Amino acid sequence: MKHTIYIFIIFGFFAISSCQKKLDIDLPEAEKKIVVNGLLSTDSLIKVNVSKSIGILDNTKIEFLTNANVKLYKNDTFIENLVSSGNGNFVSSFTPEINSNYKITVDYNNLKSVNTNTTLKNPVPILSIDTLSEIQIYNYDGYSDTTTIYHFKLKLSDNVNENNFYFLNFSGLQPIYEFIDDQYVITGYEESSFYFNSEDPVFNNENSYFTLNKMDGRCFNDELFNGKEYTIDFEFQYNKYMFGTFGEPAQLSTFYINLLTIPDALYYYINSYNLNQYTQYDPFAQPVRIYSNVENGLGIVTGYTLSKDSVLINNQ
Amino acid sequence: MKKLILFQTMFFILIISSSAQKYTISGYVENNESGEKLAGAVVYNPEKNNMGTMTNTYGFYSLTSEKTDFKLNVSYIGYATQSFSFSLAHDTVINIALIPANEIEAVEVIGQKTEAEKVEMGKIDISAKTIQSIPSLLGEVDVLKAIQLLPGIQSGTEGTSGFYVRGGGPDQNLILLDGVPVYNANHLFGFFSVFNADAISDISITKGGFPARYGGRLSSVLDIRMKEGNMKTYSGSASVGIISSKIMFEGPIIKDKSSFLISARRTYIDVLTWPIQKIYFANQDNNFDTKSGYFFWDINAKVNYKFSDKNRIYLSVYTGKDKAYSKMKNTWEEYIDKFESQLQWGNITSAFRWNHILGKKLFLNTTATYSRYNFNVGIKEGTENTKTKEFSEFAFDYISGIEDYSVKIDFDYNLTSAHQIKYGANYIYHTFKPGINAIKSTSNDSETAIDTTFGNSNIYANEYAAYFEDEISFFKGFKANIGFHYSGFYVSNTLYQSVQPRISARYMINPKLSVKAAYTQMTQYLHLLTNTSIGLPTDLWLPVTNNIKPQESDQYAVGSAYSFEGFDISIEAYYKTMNNLIEYKDGASFISGFESEDSTQRIWESQIESDGKGISYGIELLIKKNIGKINGWIGYTYSKSTREFSNVNYGEAFPYTYDRRHDIGIVFNYKFNDKIDFGATWVFGTGNAFTLALERYYALTPYTYFDDIYNESTVNHIDSRNNQRMPAYHRLDLGINIKKDLKYGKRTWSFGLYNAYNRKNPFFLRFSRDENGDRALYQYSLFPVIPSVSYKYDF
């Protein structure tokens, strides 16, 4: 809204005319906390990162707690001590199982001990994916360009009697370039996220964007379809030059749709994290505390389970 | 039900018992010099245990007594007491004109009814004269800043006029100018209020123990009455200050029958800076011609006409406007580019009032009012080719506001000196304008013209209320004001209703000392959408909706008052709960609150939480000296105020932004003689609560891969909302008035010093980097020591 510009001008006036003073007051010393972050999935070993919070005016580097004592429990039974692999990372020798509750406790010197837990739910299956493509040709100044819009309808069946939370990722194979003999050469293809558009009401939240293990996407909940089948609409606009960074048109033949079933903690975390980031420089915004499921500490330990499907396309 | 029957029985017994062999004295009490009516004057019989009454808001009194030789004393603060002795053998009308005390000598001057005698709790009266003696920012006398010095009433951000009563929000104050609600009482973003002290007669603020006649807001009623205009002679004043000039003129239209008053003021910073701007841009190496500035003006006007002793009408109008503007013109080759922008807002309030004495005991006041607040921001830009005459123009305007029409009827029924009844009803038709965008684009190519409006549609609502209030002495020393206020609000096919009981009681332990208690329930159907602490014109008044329920409060208060030799000492404790409060959601900003791609949606509803609970409690002490060479007051408040929302701060209660543990206001006035008086104020307040991150930590971010190297993304940790306190606020203001009688009037030089010891009070705090590149916390302050001078000429 335009008028906000004027408000800023006026506030700017006050800011200029106001008097700035560095405060000598000592901020209350916040109790330093153990910070634990982890993202569990059934295809990799359990790994968490452990660090320590620092004071807001502390200009030193944040410390990783490589000597912390990190214990793993499965359904309240002790499994093992996680082993430090450097940079604050601690690794288990197990991969997590679906529907088991994993509790992680961390002790470190005089800091207050923390614990956190998470359960990976059964992945909600993708029932079907319908695709419709639409070709748009643009002509300008003697050139023409073709954009293909792929419309997707993803059908899922939400679990009854529980609140479910999801994360949708859309990806495809993109070329891997290597610089060989003074030129970039495609040496292969890897799955990489694409940005998708959606007017679907489940995405009526601008704070839903996140990246989980390199998967860009958006989270949503089942508020609109709790316990029912639901079809999500989204679209992807493809232009053959859009990934041809080095003049080589992208070769797309398969799209992947990754539907992640996530715990509520991750959903709340993504929303609060984004809101915190969007508003941290807005002096008029209400402050946002980032969600944490670490008792006595900070951070988030959560995970996801994956339902994957693919769609073959022809871009000739 | 049994209680109701008992109450009604007592009521009728009292009416019957009071009807035997009694006569009524009634009339008006007015200022002898100006003919203005005096509200709150005490009319009593000193030979009958001071049996008496007070004049109502319009100066009317009615006193019933047995057939007897009667002595009638009439007193009012600042006036000489008048005494009359007569034999009361029939109903009698006596209109009394009191002589101002400073015009006479060797007379006894006593005050109004003492604090100890009043039944009301939490009500403080201040005269315009007192307010004018208080030192002020830039010499601009300000009603709202004066009341911030009273206990239980807190200021918001430095220098602003917003006030917070007993832990309530700024939207919970009903500000009435001659009985008409004023929705935005701020000039210059809250640094001055819209009330011109020259046009004001008296002010009262009620913080608790609300009588049933008041409703519609939870926390306070600020009742500001304009002067009526001198019925006897022409008089006026003109003053010149640092930022504004004022003029006031009043006098009779028909002597003793009709009078008028008009006052106006305007700031002139813009006019003074025009030549500087002109010179600056003339010396620039371009073809820009720019003019920008800011001003506000306001006008108060009032006329009244007395048809007879029983009928009198008044018409009062206030209108004012603030405007910030910028005009830019750039000439290049054969083209002229123009750009204009403006930000303006203003109020209009008007009231037509008819006072009618229906009988010796019954007084009727009928009022019809109109109130409008508009906010408008607009830009206009265009290009013209001076050779080809081709042109294109684009204009954008954003308009929001609120408009009210209302009618109100109030009855005062004075059964006996020990029993008065008030009852009445009112109706308000609200039009809320949450924001309209207008776009207009024109050019010599008519096919491309655009003229469209879009935005939130207007919301229309009906609000109505009825009340009954009974002030009665049950036995010697014990008096109570019992009543109820019924109100309803109909909006978008939804009807909200409430019945709010009100009771205040006082027991005189001895003639100087009383104890008091009160319980009040209040309901409020309007919300103010704001998340800044200063009075921005973008603040939006909005009604309750299907989803957003009315705000409600319950307030309990106990207290004691002691009055002696011109001193009033009162102490009050209160406990207030509030429900259905609104608050911006986490992360919401007043900027984003206005942005919507689909502006037909009521986006403001999606920006707020509306299930808030508030708890506020405290103790207030007021020591006030009303008369004498030295007068003023000392006010102290100890209080605590919290808020709790299910989706804010993860459901945990947090301190209200203006939760202020200690608040002190000291006002000191010393009159050296008739020519020189000195004033000083000192304020102290615990720092405002604000939110500050105290820790940083590594977080899971979109860039965290958990591969070989942990991506070091840090975030600030906020442990809870309003977790920190700004440094304490304190400030000393000084002022001196030097008067001199001239041949045709009197001149006054006023000198002031705002923030005399140059305290750097916090406006806001934020993190920044210091000279070593280290993160540091910085405080920003607004006002250093500011001297002021003004000249006033009274004639």
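What you are looking at is a predicted structure, and each value in this text was computed from that prediction instead of being measured. Below, each value reflects all heavy atoms present in this structure, side chains not excepted, and no hydrogens, waters or symmetry copies. Below, chains carry the letters A, B, ... as their sequence lines are ordered, and counting in each starts from 1.
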Asn649(B) portion near chain A, given a 4.5 angstrom heavy-atom threshold: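 Asn649(B) touches chain A through backbone and side-chain heavy atoms alike.
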Under 4.5 Å from a heavy atom of chain B, the part of Gln277(A) involved: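 When you check distances to chain B, only side chain atoms of Gln277(A) fall under 4.5 Å.
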Sole residue of Arg289(A), Lys32(A), Lys33(A) in salt bridge (charged side-chain N to carboxylate O under 4.0 Å, His left out) with Glu695(B):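 Only one option passes, and that is Lys33(A).
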Exceeds 12 heavy-atom contacts within 6.0 angstrom, atom CD of Glu295(A):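 At most 12 heavy atoms, drawn from other residues, nucleotides or ligands, come within 6.0 Å of this atom.
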Whether over 12 other heavy atoms sit under 6.0 Å from Glu223(A) CD: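 It does not: Glu223(A) CD has 12 such atoms or fewer within range.
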Give every donor-acceptor pair under 3.5 Å between a side-chain atom in residues 269-276 of chain A and any protein atom, sequence neighbours left out.
residue, atom, partner, partner atom, Å
Tyr269(A), OH, Leu700(B), N, 3.1
Tyr269(A), OH, Leu700(B), O, 2.5
Asn271(A), OD1, Asn205(A), ND2, 2.5
Asn271(A), ND2, Tyr267(A), O, 2.9
Ser272(A), OG, Tyr268(A), O, 3.0
Ser272(A), OG, Tyr269(A), O, 3.1
Ser272(A), OG, Tyr291(A), N, 2.9
Asn274(A), ND2, Asn207(A), O, 2.7
Asn274(A), ND2, Tyr209(A), O, 2.7
Asn274(A), ND2, Ile270(A), O, 3.2
Asn276(A), ND2, Val288(A), O, 3.0

Please report the closest heavy-atom contact between [X] and [Y], naming both atoms and the distance.
{"X": "Arg696(B)", "Y": "Thr60(A)", "value": "NH2-O, 4.0 Å"}
{"X": "Leu57(A)", "Y": "Ala776(B)", "value": "CD2-CA, 3.8 Å"}
{"X": "Leu298(A)", "Y": "Tyr697(B)", "value": "CD1-CD2, 3.6 Å"}

Donor-acceptor contact below 3.5 Å, side chain Asn37(A) vs main chain Tyr698(B):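 Yes.
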Most chain B-contacting option - heavy-atom pairs closer than 4.5 Å, from Ile290(A), Asp216(A), Ile300(A):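 That would be Ile290(A).
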Spatial distance of atom OG (Ser292(A)) from atom CG (Asp719(B)) [nearest 0.5 Å]: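 Interatomic distance, Ser292(A) OG to Asp719(B) CG, rounded to 0.5 Å: 12.5 Å.
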Straight-line distance of Lys61(A) NZ to Thr714(B) OG1, nearest 0.5 Å: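 One finds 11.0 Å between NZ of Lys61(A) and OG1 of Thr714(B).
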Those residues that, when tested against Tyr757(B), pass ring-ring contact (aromatic ring centres under 6.0 Å, His included) (two or more places apart):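 For Tyr757(B) the ring-ring contact (aromatic ring centres under 6.0 Å, His included) partners, ignoring immediate neighbours, are His730(B).
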